[in-house]
Amino acid sequence: MQISKIVHNHWPLAVLIAVFCALAASFSLLLPLNEAVDEKSHFDLVRFIAEQNRFPTTNQERVSLGDKGDASPIYHGLVAVLSQHVDVSSLPKRHTVSWASQAIAYDTVLTTQDFHTEDELFPFRGIVLAWRLARLVSIPLSALTIVAAYLTTMAIYPQQRFFALTVAAFVAFVPRFVFNSAVITDDNLVIPLVSFAIYYQIRIIHGDERLRALVILGAVTGLAAITKYHSLVLLLEIAFVFLVLAWRNRREWKDWLKRWAWVMLSFVVTTGWWFFILFSRFNRVAELGLV
C-alpha cells in the first residue's frame, strides 16, 4: 500500500501523532537536563559510544559508566548517531549536587542532579546541544507505540476506526508517557517493540498464519529482549498463545510447533550475536557464582 493512500485513509492518526510530537518536543525543550530518572546514566553511555565508536567491551568500562554501563547498546547506539559529531569540549564538566533530603523518597539512594546554569540556555552548544539532540530520537520512537496501539485495536475491531483512534489518543496523552518520550531512556525503544510484538500476536490469533508475520514477531521480540532483558518474558507469552491456538483449533500440534519454531529461529537470529558477546566478554560466573 502506498504511503499516500495510508495517510489518506488514516489522516486522523497522522494528525494525532503530529500533535503528540509537538507536545513531546515542547517537553524536551522546556525540561532541564538530567531532571528525569536515569537520564544522565543513559547519556553517559550514549556519549561513550559516540566518542569511541563502539560499545563498552570490558567490565571495567561498564562499571566506569555507572548504572547503565551494562545496558544493551541498541538504543544508545541509535541515539549516538545523531549526537556523535557535536563538539563537547566547549563547556566544562557539568557540576552536580546530592540532595540528602531525597534519601527517604528514593529508598535511601541519594540522587545526584545537575546545577542548571546559563550554559543550558538557547542557543545550545557543546554537551548541552548533544544532550538536546539525543533527546529528539525518543520522540519518533514513542510515536511508534501510538501506531502500534492503533493497529492492534484495528486488528481486534476492524470496522471501529474511531475507537482505534480513541485508544491511540489515550496512549498518546498519558502524561508520564509524554514526559518519558521527551527524555533519553531506552524505554522509548523497548515499549514500541513490545507493542508491535503484541500486535503481531493479535494478528496471528485472528488468523494471520503467513511466514512473514511469524518472522516479524520473532524479530521484534528479539530486538525488545536485547534492548531491555525483562522483555524475554514475551517468549513465555508467545508459547502460551501458540498452545492455546493449537488447542482451540484442534489442529495438528506439528503445525503449531513449526510456526513456533519459525518465531524462535527469527528470535535467535536477531539476538544471538548479542548474547554471544555477553557470554564471551562479560561472563562473571567464575567470580560471582551461577546464581
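Position 1 is the first residue of the sequence; numbering continues from there.
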Colleague: For the residue pair Y75 and D187, establish whether any side-chain heavy-atom pair is separated by less than 4.5 Å.
Modeller: no
Colleague: If you define the side chain from C-beta out and look only at heavy atoms, does anything of M264 sit under 4.5 Å from L235?
Modeller: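 Counting from C-beta outward, M264 and L235 do come under 4.5 Å.
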Colleague: How far apart are the closest heavy atoms of A71 and D186, and which atoms are they?
Modeller: CB-OD2, 4.5 Å
Colleague: With the side chain counted from C-beta on, respond yes when S181 and L23 share a heavy-atom pair under 4.5 Å apart, and no when they do not.
Modeller: no
Colleague: Is a donor on one side and an acceptor on the other found under 3.5 Å between the side chain of T153 and the backbone of A164?
Modeller: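 A pair under 3.5 Å: no.
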Colleague: Using the ring of each side chain (for Trp, its six-membered ring), is F275 parallel, tilted or perpendicular to Y229, with breaks at 30° and 60°?
Modeller: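 Tilted: the ring planes of F275 and Y229 meet at 30° to 60°.
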Colleague: E209 versus I204: any side-chain heavy-atom pair under 4.5 Å?
Modeller: no
Colleague: Return yes if some donor-acceptor pair links the side-chain N/O of T152 with the main-chain N/O of A149 below 3.5 Å, else return no.
Modeller: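 No, because the side chain of T152 does not come within donor-acceptor range (under 3.5 Å) of the backbone of A149.
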Colleague: Do T270 and L223 have side chains that get closer than 4.5 Å, going by heavy atoms?
Modeller: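 In short, these two side chains touch, coming nearer than 4.5 Å.
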Colleague: May I ask you to check whether F55 and W274 place their ring centers less than 6.0 Å from one another?
Modeller: yes
Colleague: Tell me whether the rings of H42 and H76 are parallel (<30°), tilted (30 to 60°) or perpendicular (>60°).
Modeller: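 Judged by the thresholds at 30° and 60°, the geometry between H42 and H76 is parallel.
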Colleague: For F170 and F177, I'd like to know if the aromatic rings sit close, meaning centre-to-centre distance below 6.0 Å.
Modeller: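 Between F177 and F170, which both carry aromatic rings, the centre distance is not below 6.0 Å.
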Colleague: Is F163 close to M154 at the side-chain level, that is, under 4.5 Å between some pair of heavy atoms?
Modeller: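 In short, these two side chains do not touch, never coming nearer than 4.5 Å.
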Colleague: W262 ring centre to R259 NZ or CZ under 6.0 Å, with the angle to the axis within 45°?
Modeller: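 That pair does not qualify as a cation-pi contact.
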Colleague: Using modelled atom types and a 3.5 Å cut-off, is there a donor and acceptor pairing between side-chain atoms of R132 and backbone atoms of S28?
Modeller: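 Judged by distance alone, yes, a pair lies under 3.5 Å.
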Colleague: Looking at W256 versus F242, is the centre-to-centre ring distance below 6.0 Å?
Modeller: yes
